[in-house]
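All values below come from the heavy atoms of this structure, side chains included, with hydrogens, waters and symmetry mates left out. Letters A, B, ... are given to chains in the order of the sequence lines, protein chains preceding strands, and every chain is numbered from 1. As the structure is a prediction and not an experimental result, all values here were calculated from the model.
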Amino acid sequence: MAEVRLRCAPNPNGPWHIGHARMGAVIGKYADRYDGWMLCRFDDTDPATKRPSLQAYDQILDDLAYLGFKPDEVLRASDRLELYYEHARDVIELGGAYTCSCPAGEFSERKSAGEACPHRDRPIDESLAAFDRMVAGEFSAGDRVLRIRTDLEAPNPAERDWVAFRMVDEPHPREDAAADRCWPLLDFQSAIDDHHTQITHIIRGKDLQDSVARQGYLYEYLGWEYPTVLHWGRISVDEYEFPLSTSTMGERIEAGDLTGWDDPAAPTLQSLKRRGIRGAAVTDALAELGVSESDVELSMSSIYARNRERIDPIADRYFLVRDGTRLPLVGDVPATAEPPKHPTDEERGNRTIPVGDAVRIEPGDLPAHGERVWLKGLGCVRAMREALELTGDSIEVVRDGDVPVIHWVPAGGAIPVTIRMPTGDSTGLAEPSFAEVDVDDVVQFERVGFARVDSHARDESIVYFAHN
RNA sequence: GCUCCGUUGGUGUAGUCCGGCCAAUCAUUUUGGCCUUUCGAGCCGAAGACCUGGGUUCAAAUCCCAGACGGAGCACCA
């Protein structure tokens, strides 16, 4: 069987959000499954309206690596203009393209009416000469384009004499391409590249579904065979207030609504990574959406469930109390509590919590007067007036079912923690030994949720909340 | 307006091409129980779907027609 060759063709205008990740995840998975070949091709042919960002090339490769994939080859369209020009000349010579100076609006009206413009039947030599002047940068934006001659009576207006090259005044941000002014549009560039890189299967969004018909004319002129193509529908994600849009997020960062691409509220891969979510969990959840053409809504819980499987076995447990209420302890108070770091992995050993003379517990856990709760790792206490009294009850009272087990921190020595969540920041106090957890480790705050340790400072630690 | 496409539980998905074994798969979600010094972990159980209306057929999620709803394209964006 012939090799499966796939490509992932992002526009490098920003780091990836979850929608882009679907492209990486599905294409990467397919490449792996069929032991195929994968190209990452940066379609950076619009220096003006979809202006590439210089950092994005590497960011996207990082995003791809986060998802678990390394492309076999990386190309930038902006390096390949000569190739596109060559083929453009070929197509002109075959009578399949002509240069046109109609204003866009005017052409559009003609197109809707199915009428040819005056340039359509100009001599080939004339188009060839004009195209060379385009390549030489002798025109300005809007003055001249190269159109592919298709069928003006094609039922779908999207197919009719589409633009293959146009002039762009703005220099490309990449230095190597900054002098070029004549740029191909996606349908042309992508068609040429897909053929040259021998792509066997194109997988892309249905926003490009009409490209098959458009590019079909080009492939016909050149005598090439079109790859197999699959389209998927729109993806949306629950739990996020921000749309899956690079430009919108860029604006919100600019406006200060987001602290950056890795803000927990941003639906980006950088954000998920910072929250301690494993790329493989994202990939699996996204790949499971498949390639159906219907629109899909991804539940973040699907990513969380897959991440939980991965991090639950490795996350050490700690106590963290939010909005803690301070309560003195009375009775026979032990010096330390020593709950295990992990409920099933005993080899990790125990934490040591100096108890002191008071604890903090969450308001929702506060027992009514006279009721008992079990402070995990410490023992059973009964709520007195303004204090908790150690009762000395054995664990049997928990097994009997009347005494809930709750988490707590000592009132002295607890570590202030800022918890950064998609819904905003929150604060809490963690048990003292949390200070020793390495940055970048993922922990489970018992009964609160999983979080990645982002930084430790003298006065506070910062964690990014993953999910519960 | 023109042209494409889609519609299976809350979410996603299998099944649709080649009608029957589909009183519809799996995951997530919600939920009951057990276990457990947390649990969102583990084990056992439960809930919840074929867009609507016609037609063809012994038999339709699957084929045909119509409609509804949803989406995409008709850019000198990708």
Side-chain angles (χ1 to χ4, degrees), chain A residues 9-13 42-46 48-52 77 100-105 107-108 111-112 114 139 141-147 154-160 162-168 182-187 189-190 204-214 231-238 246-247 284-290 292-306 308-309 312-313 315 317 319 337 339-340 342-344 374-380 394-399 403-407 444-450 467-468:
Chain A
N11 175 343
N13 64 347
F42 291 106
D43 285 352
D44 54 349
T45 55
D46 183 355
T49 60
K50 290 233 168 144
R51 190 171 175 76
C100 170
S101 55
C102 294
F107 186 89
S108 176
K111 179 171 73 174
S112 300
F139 299 107
D143 290 349
R144 198 67 52 107
V145 298
L146 182 75
R147 292 187 183 281
N156 186 347
E159 292 176 27
R160 301 173 191 165
W162 48 275
V163 175
F165 286 83
R166 84 312 205 173
M167 304 304 298
V168 180
C182 177
W183 288 92
L185 280 98
L186 176 76
D187 280 318
Q189 173 263 120
S190 174
R204 63 187 171 202
K206 71 177 180 184
D207 47 327
L208 264 15
Q209 59 192 348
D210 288 338
S211 289
V212 182
R214 282 201 280 245
H231 294 116
W232 59 53
R234 268 163 58 114
I235 180 174
S236 57
V237 186
D238 65 359
T246 304
S247 54
D284 286 351
L286 253 11
E288 200 184 62
L289 296 180
S292 108
E293 285 192 42
S294 44
D295 298 343
V296 297
E297 176 174 293
L298 173 70
S299 292
M300 285 304 291
S301 61
S302 166
I303 290 179
Y304 298 156
R306 285 168 179 76
R308 197 140 50 217
E309 281 173 17
D312 183 74
R317 271 56 172 171
F319 293 149
H342 194 278
T344 53
W374 187 281
L375 299 182
K376 191 176 183 205
L378 213 190
C380 186
S394 83
I395 193 61
E396 292 305 323
V397 300
V398 170
R399 295 209 173 105
V403 178
V405 176
I406 67 166
H407 62 288
Q444 184 193 128
F445 289 123
E446 299 197 36
R447 305 212 304 140
V448 174
F450 293 93
H467 48 76
N468 56 17

Distances for protein N/O vs nucleotides 30-37 of chain B N/O pairs under 3.5 angstrom?
from   : atom 1 : to        : atom 2 : distance (Å)
U37(B) : OP1    : Arg399(A) : NH2    : 3.0
U37(B) : OP2    : Arg399(A) : NE     : 3.0
U37(B) : OP2    : Arg399(A) : NH2    : 2.8
U37(B) : O2     : Trp374(A) : NE1    : 2.7
U37(B) : O2     : Gly377(A) : N      : 2.9
U37(B) : N3     : Trp374(A) : NE1    : 3.2

query: Using a cut-off of 4.0 Å on non-hydrogen atoms, how would the nucleic acid contact of Val448(A) be classed: base, sugar-phosphate, or nothing?
result: base
task: Between G15(B) and U29(B), how far apart are the P atoms? Round to whole Å, please.
output: 24 Å
Non-hydrogen side-chain atoms of Pro52(A) and Phe42(A) separated by less than 4.5 Å: no
query: How far does the C1' atom of C43(B) sit from the matching atom of C21(B), given to the nearest Å?
result: 31 Å
Donor-acceptor pair, side chain of Asp143(A) and main chain of Ser101(A), under 3.5 angstrom: no
- prompt: Just how far is it from atom CD of Glu159(A) to atom OG of Ser211(A), taken to the nearest 0.5 Å?
  reply: 11.0 Å
query: So what does Pro339(A) hit on the nucleic acid, given a heavy-atom distance under 4.0 Å: a base, only sugar-phosphate, or nothing?
result: nothing
query: Quick one: Leu289(A) CG to A14(B) P, roughly how many Å, whole number?
result: 10 Å
query: Are Arg234(A) and Asp207(A) within salt-bridge range, i.e. N to O under 4.0 Å?
result: no
Rounded distance in Å between the C1' positions of U13(B) and A27(B): 8 Å
- request: May I have the distance from Tyr304(A) (atom OH) to G12(B) (atom C1'), rounded to whole angstrom?
  value: 16 Å
message: Suppose we screen for side-chain contact (heavy atoms from CB on, under 4.5 Å). Which residues come up paired with Asn11(A), at least two apart in sequence or across chains?
response: Asn13(A), Lys50(A)
message: Ignoring hydrogens, what is the shortest heavy-atom contact between Pro343(A) and Arg317(A)? Give both atom names and the distance.
response: CD-NE, 3.5 Å
query: Rounded to the nearest 0.5 Å, what separation is found between the CZ atom of Phe319(A) and the CG atom of Leu378(A)?
result: 8.5 Å
message: Suppose we screen for side chain to side chain donor-acceptor pair (under 3.5 Å). Which residues come up paired with Ser108(A), at least two apart in sequence or across chains?
response: none
task: Rounded to the nearest 0.5 Å, what's the gap from CG on Leu375(A) to NE2 on His407(A)? Could you check?
output: 10.5 Å
field: Euclidean distance for C1', G48(B) against U30(B) (whole angstrom)
entry: 9 Å
- prompt: About how many Å separate CZ of Arg214(A) and CG of Leu208(A), when rounded to the nearest 0.5 Å?
  reply: 8.0 Å
- request: Could you measure between the two P atoms, the one in G73(B) and the one in G20(B), and give it in whole Å?
  value: 37 Å
- prompt: RNA chain B in dot-bracket, Watson-Crick or G-U pairs under 3.5 Å, [ ] crossing, | other strand?
  reply: (((((((..(((.......[.....)))((((((.......))))))...(((((..]....))))))))))))....
task: Nearest 0.5 Å please: distance from the OG1 atom of Thr45(A) over to the CZ atom of Arg166(A).
output: 5.5 Å
message: Measure NE2/His342(A) against P/G42(B) and give the value in whole Å, please.
response: 11 Å
message: With rounding to the closest Å, how many angstrom separate the P atoms on C18(B) and G12(B)?
response: 28 Å
task: Classify the nucleic acid contact of Ser292(A) as base, sugar-phosphate or nothing, counting any heavy atom under 4.0 Å across all strands shown.
output: sugar-phosphate
task: May I ask you to decide whether Arg306(A) forms a salt bridge with Asp284(A), counting only side-chain N to carboxylate O separations under 4.0 Å?
output: no
query: Can you check whether Glu396(A)'s main-chain N or O pairs, donor with acceptor, with Ser394(A)'s side chain at less than 3.5 Å?
result: yes
Interatomic distance at C1', G1(B) relative to C58(B), whole Å: 47 Å
- request: Starting at the 5' end of nucleotides 68-78 of chain B, put B wherever the base has a protein heavy atom under 4.0 Å, S where only the sugar-phosphate does, and a dash everywhere else.
  value: ---BBBBSBBB
Partner of Ile406(A) by side chain to side chain contact (heavy atoms under 4.5 Å, CB included), out of Arg447(A), Lys376(A), Glu446(A): Arg447(A)
N/O-N/O pairs, protein side and nucleotides 27-29 of chain B side, under 3.5 Å:
from   : atom 1 : to        : atom 2 : distance (Å)
A27(B) : O2'    : Arg306(A) : NH2    : 3.1
U28(B) : O2'    : Ser301(A) : OG     : 3.3
U29(B) : OP1    : Arg308(A) : NH2    : 3.3

field: 4.5 Å side-chain heavy-atom contact, Asn468(A) and Tyr304(A)
entry: no
message: Tell me the interatomic distance from Glu297(A), atom CD, to U11(B), atom P, rounded to whole angstroms.
response: 7 Å
task: In whole angstrom, give me the gap between the P atoms of U25(B) and C50(B).
output: 13 Å
